[in-house]
Protein chains: 2
Amino acid sequence: MNNFVFENSSKVYFGEGCVKEYLSNILTSYGDKVMLCYGGGSIKNNGIYDEVVSVLTDSNKKIIDFPGIPSNPTYSKVQEGISLAKENNVDLILAVGGGSVMDCCKAISLGAKYDGDIWSDFWARGGVVNFEPLPLGIIVTAAGTGSECNGGAVITNEELKIKTGRDYPKLNAQFVMLDPTYTYSVPKFQMVSGAFDTLSHIMEIYFSEPDESNVSDDISEALMKNVIKNLRVAIKNPEDYEARSNLMWDATMAENRIIKLGKKTDFQCHQMEHQLGAYTNCNHGAGLAVLHPVYYKHICEVGKKKFAQFATNVWGIPKDNKTEEQLALEGVNALADFIKEIGMPTTLKELGVEENINLKEIAESCFIVGGSYKKLTHKEILEIFEECK
Amino acid sequence: MNNFVFENSSKVYFGEGCVKEYLSNILTSYGDKVMLCYGGGSIKNNGIYDEVVSVLTDSNKKIIDFPGIPSNPTYSKVQEGISLAKENNVDLILAVGGGSVMDCCKAISLGAKYDGDIWSDFWARGGVVNFEPLPLGIIVTAAGTGSECNGGAVITNEELKIKTGRDYPKLNAQFVMLDPTYTYSVPKFQMVSGAFDTLSHIMEIYFSEPDESNVSDDISEALMKNVIKNLRVAIKNPEDYEARSNLMWDATMAENRIIKLGKKTDFQCHQMEHQLGAYTNCNHGAGLAVLHPVYYKHICEVGKKKFAQFATNVWGIPKDNKTEEQLALEGVNALADFIKEIGMPTTLKELGVEENINLKEIAESCFIVGGSYKKLTHKEILEIFEECK
């Protein structure tokens, strides 16, 4: 295991009814002005908005409403939120939504107490340590990104066409509420896309050095199998509480830093998807579904030992007399088959990317990370994009 | 998954050289008076004491020495530590040792800032919420109890002959340093006993309701397999860094509350061992090794589905055409065989318990917990003790 430093300060409340049971008491620790942040308004249709507002009102909080956070949250939306928080001298940011709302709110909580330019100081350069964000609480309504229990925020700078994230432990939410029944009304495509995002996070950590016996990898295998099993159940019955509970907690466990411990991590596929998203605003989980099998076919020769382990331990493919190369490829094919089975797109065309898009420009805008088994070139990223057409 | 609330505030520094790399900087956050707590003095022979004292001295700290914390730490030793901490107006308690030192120091950190009687208010009754312990840092020198990343402290009240523990999140250490090379000099029996304690913690959580698909159970299986595999390696080569790293982090993961989430947990076997320890001062992991297979033979009929899963998923026993009962029993037998293989005692006699001890009195002093598949009676606990003779 590589050396590591680990902390995770978020307090988690999990289970049906947790908002009603705990939120009111939690709010007594904060001042009166609560900035209520959410997305396109689906929480107004499924009753979650009313439930939260009723607790806030009963707790005598002044609500500063901040709706309309888009998927792939933009830096301009972050700036709008920062201004609103500063103008109203907000005491607590309460994010109610999925990954986009959470990430946008983490960036707002940072910017609301920071005088410099947060894009250039935090997202572009990274490394600022001494800052105190505005307190943040999160109520999750869509599972997948696992953003609820880390300090990471992926933001799209639409001017620069860069979508990128950083994980600052200080940006962890102070409290997080996870009620699996809140995710029941998420449309099936979004549910599957979120679960695939979770699976992708685990794979991006698992397929990286070191590869010797490592309990983090063993936990990752357990998580991957759990996602696969429970997503199949949830597709058949979206209101299966056990399945949705597992998927919700899998998402958190994939990104609360635990399975990254002692590992280098990869996230090259996320980098490619981020830039695809920055240029096309495609759905994140669906973009990952298109890219992963093709990316893995490009690197599985170099990481064949681990891909063969993935085939046997995650997909239950028998070893028989197969070579490591054969097993490795069967593992990647099993992943590709699963993506088809769960109804995710398998090509850029199915993803809705226009045929005449400049893939070369997108490929060249991708960051190259150092954690992969094989360090890609921009040329190879373009090849991967082309093979995904 | 059952509903849960989760938090874990300890910051962890893991890996070879972490004390030298980080301790000095960490100490700048605390006052000048550091109470240095340890056990029988083995850290003076293996160089760890000198390494820690040198960092403290270079950081201009005043060291208040508190040696001699015994295994199965006693309430009287806790009281001695509380007095010393109060007299010297200590700013930070630094625990350097294994589970006994950590647990004793957590109790001291609590008592040093509490005016009432901590045994009756915390250990006997539980439930006190509003208190602020003295800051505590931990440097682990023996892996197993996993006490480093929770707020639990098992203390023996020698007058009342009760050994019991509570987990208060506020008693979590503020920082924890885990250097696997610090565990190299632990005698083999202690190393094995510690690893078995870890395995026992995982089993006590795994063998409890709810049993439907639960990612916490899947993670537990991954951890159990990792302990078994790496303990075999470490017995052959105690200085195998990978094996000792895995065992060290397995111990933490078993008790940092993660795998308990959504589970009821059992810990009936721990209750029995605690009282055996309170009466005989036997080694904790070794006591658990004696009790576990016999205890599980008593409950595996009721929990046969889970014990059968344990047999196939943890021990790799083929299902063939076996009944669930057969598989369940084979799982328990595989555990018993493993205990023999790693050289742990398998009877009370081998554990060193005197033949004429009053097992009835010990059985009757045991707490009955509610998490087991089968609620034991004191009569059945006595039967288990008798079968262990």
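A, B, ... follow the sequence lines: proteins, then strands. Residue 1 opens every chain.
Between Ile219(B) and Leu223(A), the closest side-chain pair of non-hydrogen atoms falls below 4.5 Å. Under the 4.5 Å side-chain criterion, counting only non-hydrogen atoms from C-beta, Val5(A) is in contact with Lys11(B).
The minimum heavy-atom distance linking Glu242(B) with Ser213(A) is given by the pair OE1-O, 3.7 Å. The two residues Trp249(B) and Met1(A) have their closest heavy-atom pair at CD1-CE, 3.8 Å.
Using a 4.5 Å cut-off between heavy atoms, Asn256(A) contacts chain B through its side chain alone, with no backbone atom that close. Contacts between Ser10(B) and chain A at a heavy-atom distance below 4.5 Å involve the backbone alone (N, CA, C, O). With a 4.5 Å cut-off on non-hydrogen atoms, Glu221(B) does not touch chain A at all. For Phe175(B), no part lies under 4.5 angstrom from a heavy atom of chain A. The part of Asn230(B) that comes within reach of chain A is its side chain, from C-beta onward, which places non-hydrogen atoms under 4.5 angstrom from that chain. There is no contact between Leu178(B) and chain A, counting heavy-atom distances below 4.5 Å.
Atom CE of residue Met253(A) and atom CG of residue Leu261(B) lie 8.0 Å apart, to the nearest 0.5 angstrom. We find the OG1-CZ distance between Thr252(A) and Phe6(B) to be 10.5 Å, quoted to the nearest 0.5 Å.
Ring geometry for Phe14(A) against Phe4(B) counts as parallel: the plane angle stays under 30°, on a 0 to 90° scale with 60° as the upper cut.
Remark: the backbone N or O of Val12(B) is not paired with any side-chain donor or acceptor of Glu7(A) at under 3.5 angstrom. The backbone N or O of Asn8(A) sits nowhere less than 3.5 Å from a side-chain atom of Asn8(B) that would complete a donor-acceptor pair. Asn246(A) contributes a side-chain N or O that, together with a main-chain N or O of Val215(B), makes up a donor-acceptor pair within less than 3.5 Å. Of the possible polar contacts, one joining the Asn3(A) side chain to the Glu16(B) backbone as a donor-acceptor pair under 3.5 Å is found.
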